[in-house]
Amino acid sequence: MSFPLLTAVAAVPAIGAIATAALPAAKRTAAKWLALLFSLVTFALALVVGFRFDPGAKGPFQLTESHAWISDFGVRYELGVDGIAVALIALTTLLIPFIILAGWHDADPLEEATPNRRWRPTQGFFALILAVEAMVVISFEATDVFLFYIFFEAMLIPMYFLIGGFGDRAGGDGEEQSASRRSYAAVKFLLYNLAGGLIMLAAVIGLYAVTAHQLGTGTFSLQQIVEARAAGKLEISTGTERLLFLGFFFAFAVKAPLWPLHTWLPGAMGESTSPVAVLITAVVDKVGAFAMLRFCLQLFPEASSWATPVILVLALISVLYGALLAVAQRDIKRLIAYASISHFGFIILGIFAMTSQGQSGATLYMVNHGISTAALMLVAGFLISRRGSRLIADFGGVQKVAPVLAGTFLIGGLATLSLPGLAPFVSEFLVLVGTFSRYPVIGIIATLGIVLAALYVLVLYQRTMTGPVKAEVKSMPDLRVRELVVVAPLIALLLFLGVYPKPLTDLVNPAVGHTLSVVDKKDPKPTVQVDAVPGGGRSGHAVRDQDGEAAK
């Protein structure tokens, strides 16, 4: 039996979470280093997965593991990765060590313990981060629908405690008000995502019932269901397929998040510490977008095509709505949260454009958005912790007293607005090209999101970093060594993938091609319509049709 590499990538952070939580209360420093060590080992294993993965190999999944689990109900412990999963596992395991380093002091006990100021358990904080990492990784690996569902829902528990128990205290309203806001944000996060999960559970049960009726034995295996449908052994009626699709999609749209199911995100990110905010939007939320590609499109191809027009409109609203509200924000972290809603709109736009450029761009966007948002939010967290406020109006002239902090903040902001030369530009460009080739009107309108992104990022930088130096920031220190260790690699990745995205595109393109073949979609092809002109000559102009067929 070969070494269960995929299981190991998920098991190491889970073991790390248990070991970190088990340390005595006085061993706070040891807990930090232990959590960091386990996160680095997990990243090393993810690199092994990347090196073992062959983008040119046949078959949808590699490094597969399959074992009987709950045999009476057709549930198996099945893992496998395609290029998209490998890229997102690499992103997750890369970001977790930086999240731990950035939050090095976020769970330290407060200097004075009073009834309104609680001691925060350091061990619990870092153990919860590792637990989230383990559940996210196995969600990317799971090819059994029921196995995926368990961890898709289970990750809500540690996230609830990270938001409600270790939230941001830079609101300036005192501990009691801050605790109230954190509790509200955590409960809202939990209720929204639980509602989506319960609806998905009904759809998961319905899928099992359909397979049991037609195949004789119920199954949750993604690959088995896809192959049975391709062979004509499993035929789901149109109405049933659409209902099942909606059950899955609703849960993923809450987590992604997609307008109008997005309202939990600004509060959750605003009231979390900056590292936990990065964990939410750069790691956990990616599971929703990833699941749309892996499960919605492959399990329900007809329903996906049926729902595409409505989903594209919702994604377009997310792009514009998130960007417009980001422009209006006075809170730095909430601005970044609304910007993320806009970016997730682009990701979902690329997925449901049903073109190779769009889906490749959406996958790259997941990775690049994770890196750029981590860079911007973590630097913003360093800035907020120095000033003790999240309000944009409380800053000014920071670049004169902390030039390195201001410079890294600018690069993170420019990546967020998809400046050419930085990684998000490539993915946003591919999404827009892929969307325009099939839905030109939506593609054109979506470009307004780029203009608005430039507005909210540059205005944010101008108001916080330029102008007269405010008295409260005159003594602000620049980035320290630990903070530079966090930010510098992320900036380097943004630059590298901005000028050389080929390693990522080579990794994800075969998986995108497989997904499109399951949905039975091909890229629209330009055709040439030839018209007669005076003098006997001919002129031609390109014509695109939305089905990829020759124009008559």
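These figures come from a predicted structure and were not determined experimentally. Numbers here are sequence positions counted from 1.
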Is the shortest side-chain heavy-atom distance between [X] and [Y] below 4.5 Å?
| X | Y | value |
| --- | --- | --- |
| Pro424 | Leu494 | yes |
| Ile348 | Met292 | yes |
| Leu490 | Leu95 | yes |
| Val145 | Leu299 | yes |
| Pro13 | Val137 | no |
| Val81 | Ile89 | yes |
| Leu147 | Val75 | no |
| Pro301 | Glu241 | yes |

Spell out, as yes or no, whether a donor-acceptor pair under 3.5 Å connects the side chain of [X] to the backbone of [Y].
| X | Y | result |
| --- | --- | --- |
| Thr373 | Gly370 | no |
| Thr363 | Ile84 | no |
| Ser360 | Gln357 | no |
| Ser517 | His514 | yes |
| Arg438 | Ala353 | yes |

Legend entry - For Val48, side chain to side chain contact (heavy atoms under 4.5 Å, CB included) partners two or more places apart: Leu5, Arg52

Between [X] and [Y], does the ring centre distance come in under 6.0 Å?
| X | Y | value |
| --- | --- | --- |
| Tyr160 | Phe189 | no |
| His369 | Phe346 | no |
| Phe252 | Phe152 | yes |

Reported [atom1]-to-[atom2] distance for the pair [X] and [Y], which is rounded to 0.5 angstrom:
| X | Y | atom1 | atom2 | answer |
| --- | --- | --- | --- | --- |
| Met135 | Leu130 | CE | CG | 11.5 Å |
| Thr238 | Glu302 | OG1 | CD | 5.0 Å |
| Ser304 | Ile311 | OG | CD1 | 7.0 Å |
| Asp144 | Ile225 | CG | CD1 | 8.5 Å |
| Asp82 | Leu507 | CG | CG | 8.5 Å |
| Leu45 | Leu6 | CG | CG | 10.5 Å |

Legend entry - Intermediate values then yes/no, side chain to side chain contact (heavy atoms under 4.5 Å, CB included), Ser372 and Leu422: CA-CA 9 Å; Ser372 62; Leu422 296 173; over 6 Å; no

By side-chain hydrogen bond (donor to acceptor under 3.5 Å, both in side chains), which residues pair with [X], not counting sequence neighbours?
| X | value |
| --- | --- |
| Gln329 | none |
| Thr355 | none |
| Thr416 | none |
| Glu141 | none |

If you take all heavy atoms of [X] and [Y], which pair is closest and at what distance?
| X | Y | result |
| --- | --- | --- |
| Trp264 | Pro257 | NE1-CB, 4.0 Å |
| Thr143 | Leu79 | OG1-N, 3.9 Å |
| Phe98 | Leu378 | O-CD1, 4.5 Å |
| Ser318 | Leu258 | OG-CD1, 3.4 Å |
| Glu428 | Ile450 | OE2-CG1, 3.0 Å |
| Ser305 | Val519 | OG-CG1, 4.0 Å |

Inset, instruction - Look at atom OH of Tyr461 and say whether more than 12 heavy atoms of other residues, nucleotides or ligands are closer to it than 6.0 Å. - result: yes

Legend entry - Tyr439 versus Thr308, side-chain donor and acceptor atoms under 3.5 Å: no

Legend entry - Basic-acidic side-chain contact under 4.0 Å: Lys188, Glu271: no

Inset, instruction - Sort out for me which residue in Thr273, Ile99, Leu128 forms a side-chain contact (heavy atoms from CB on, under 4.5 Å) with Leu279. - result: Ile99

Inset, instruction - Walk me through it: do Glu133 and Val283 pass the test side chain to side chain contact (heavy atoms under 4.5 Å, CB included)? - result: CA-CA 8 Å; Glu133 179 183 23; Val283 177; over 6 Å; no

Legend entry - Sequence-distant partners of Glu65, salt bridge (charged side-chain N to carboxylate O under 4.0 Å, His left out), two or more places apart: none

Inset, instruction - Using the six-membered ring wherever Trp is involved, compare the ring planes of Tyr338 and Tyr321 and label them parallel, tilted or perpendicular (cut-offs 30° and 60°). - result: perpendicular

Legend entry - Phe220/Thr211 under side chain to side chain contact (heavy atoms under 4.5 Å, CB included): CA gap, chis, key distance, verdict: CA-CA 8 Å; Phe220 293 104; Thr211 58; over 6 Å; no

Inset, instruction - Dump the intermediate steps for side chain to side chain contact (heavy atoms under 4.5 Å, CB included) on Val426 and Leu504, then the final yes or no. - result: CA-CA 11 Å; Val426 179; Leu504 272 180; over 6 Å; no

